[in-house]
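Each chain gets a letter, A, B and so on, in the order the sequences are listed, and its residues count up from 1. From a predicted model like this one, the values you see are computed outputs, not experimental measurements.
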2 protein chains.
Amino acid sequence: MSGHLEQIRLDSYKPLRELVCEHIREAIINGVFAPGERLMEIQMADEMGVSRTPVREAIRKLEMEGFVVMIPRRGTYVSNMSIKDINDVYEIRISLDTLAAGLAAERISDEELEELQRLLVKVGNAIEENDMTKVVEADIEFHDVLYKASRNERLRNIINNLREQITVIRGVSMRYPGRLKDTQEEHRRLVESIAARDVEKSQEMARIHLENAERTLMAAMSERKD
Amino acid sequence: MSGHLEQIRLDSYKPLRELVCEHIREAIINGVFAPGERLMEIQMADEMGVSRTPVREAIRKLEMEGFVVMIPRRGTYVSNMSIKDINDVYEIRISLDTLAAGLAAERISDEELEELQRLLVKVGNAIEENDMTKVVEADIEFHDVLYKASRNERLRNIINNLREQITVIRGVSMRYPGRLKDTQEEHRRLVESIAARDVEKSQEMARIHLENAERTLMAAMSERKD
DNA sequence: GTAAAGAATGTTGTATACAGTATTATTTTT
DNA sequence: AAAAATAATACTGTATACAACATTCTTTAC
């Protein structure tokens, strides 16, 4: 119940609330705080060596991002993702990722396209090496370039937020036999379609990719129900 | 520069920050605060008769909702919507409203369907009476029932947020000659498709509706550039 | 023995105080 | 006179203090 969070350092010049927010978000994503667990302001503030003010502001942000739920005068609790929640997220993401892929096919620059291909290789290497941390890292980079190429900042923010919300359980599907290889192949085809500036096909590839990702995740989760 | 905001009353039991947030949001939507205008915490707190704490928390929320931009150590400014921003919002909304309409066609209950048809009439009456306040009110109700029927709370939140972000300028398109009548007809067809549980057609109707709305808004805005 | 009521404890909600930084105005120097 | 530097002012960022409310435990009454 204690020693969950590391002390905050003020190295970069971000407001404290941002650092605190990222800190808590990561702790939730990494399972340091279990779903449903109560988060107490004073305790977290003490552990991170800051006052309650930035902690409160961080919690407000996390609430909007869907990581925690606040009950007035009762407290803050870590959200627990139900099957329904995951379904809801994927329903939206199938729409938005399809949109983003189509826009990217129209708007991506040659430099970004090269970057995308470079990151595809990077993810591939990480998979070969079986280095999960590197896979996750490169995968995030890959998607970020893709969403940036849509030239729609709001879209990028919404998708990234949805992605983060299911990060907690994405690890489950990553460990699903063969899923990484499939993902890589799906990404490859998507990039191929975008490189060909084929809007329709890019959209279809994105949709297929997301639908597969959801299917695997669902399968992995129901298997894990032990 | 002063007297912009009314005093806050604590009638219901919502946290102060929520009341303050709604207050400021409405002031922005109603043009009380001009786009680009600087918002100062102490001043707003004084005007509403509360302390800075709930005001700060409200501003954080409005920042995430896209109504204001914060520059660290500089202050908060009301976002100003560019043509690009409107384009971005509609790009996303065309996707999400299409999704929502399709889901609603699958999942709506008979009671909700009746409610939808009732609200359609209500909007129609308001248009006949040329009562803009009533039109807006009924329109919001109509869409809320529709989004609820999608049975995807996240989707509903995201769309509602996007809707609010462009509320500031939606009045412009409402006053566009003939647009209200067209809107009504488009809504009617959408409800018809949903009532028939025709997913494909509902999606198409929603897409057409949104595309028309965007087109009108763009036309109205460029005409207003005087 | 059990249930209800009250008191004590702890946590959230709000206010305020203080510190640090950005901006603006004034003064000095070129 | 114009530009630069410095000082003053004002706002944001953070900390802390206080009040209100929820929860839990203890005590009392039936």
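- B:T167 places a side-chain N or O within donor-acceptor distance of the main-chain N or O of B:R163, the cut-off being under 3.5 Å.
- Spacing between atom CD1 of A:I59 and atom P of C:dG13 amounts to 9 Å, rounded to whole angstrom units.
- Nearest to the side chain of B:R56, among C:dT14, C:dT12, D:dG13, sits D:dG13.
- Contact between the side-chain N/O atoms of A:R73 and the OP1/OP2 oxygens of C:dT11 is not found at any separation under 4.0 Å.
- Look at CD1 on B:I71: it is 16 Å from P on D:dC11, rounded to the nearest Å.
- Nearest-nucleotide positions on DNA chain C place A:G75 closer to the 5' end than the other of B:P54 and A:G75.
- Between the P atom of C:dG10 and the CD1 atom of A:I42 lies a distance of 10 Å, rounded to the nearest Å.
- Of the two residues near DNA chain D, A:R74 and B:R52, the one whose nearest nucleotide lies more 5' is B:R52.
- Dashed line: the shortest gap from a side-chain N or O of B:T53 to OP1 or OP2 of C:dT14 is not under 4.0 Å.
- In this entry the distance linking CE of A:M70 with P of C:dT14 reads 10 Å, nearest Å.
- At whole-Å resolution of the value, CE in A:M40 and C1' in C:dG10 are 9 Å apart.
- Here A:R17 lies in heavy-atom contact (under 4.0 Å) with sugar-phosphate atoms only.
- Partners of A:Y147 by ring-ring contact (aromatic ring centres under 6.0 Å, His included), not counting sequence neighbours, listed by chain and number: A:H143.
- Separating the CD atom of B:E57 from the C1' atom of D:dT12 is a distance of 15 Å, rounded to the nearest angstrom.
- In this structure, CD of B:Q43 is placed 19 Å from P of D:dT9, rounded to the nearest angstrom.
- Picking from C:dG13, D:dA15, D:dC11 the nucleotide with the shortest atom distance to the side chain of A:E41 gives C:dG13.
- Rounded to whole Å, atom P of C:dA15 lies 11 Å from atom CG of B:D46.
- The ring-ring contact (aromatic ring centres under 6.0 Å, His included) test applied to A:H209 returns A:H187, not counting sequence neighbours.
- Listed here is the closest heavy atom pair of A:I92 and B:L155: CD1-N, 3.4 Å.
- Once rounded to the nearest 0.5 Å, the distance linking OG of A:S95 with CG of B:L96 reads 6.0 Å.
- A:L39 comes within 4.0 angstrom of the backbone, heavy atoms only, and of no base.
- In this model, the phosphate group of C:dG13 is approached by a side-chain N or O of A:R60 to a distance below 4.0 Å at OP1 or OP2.
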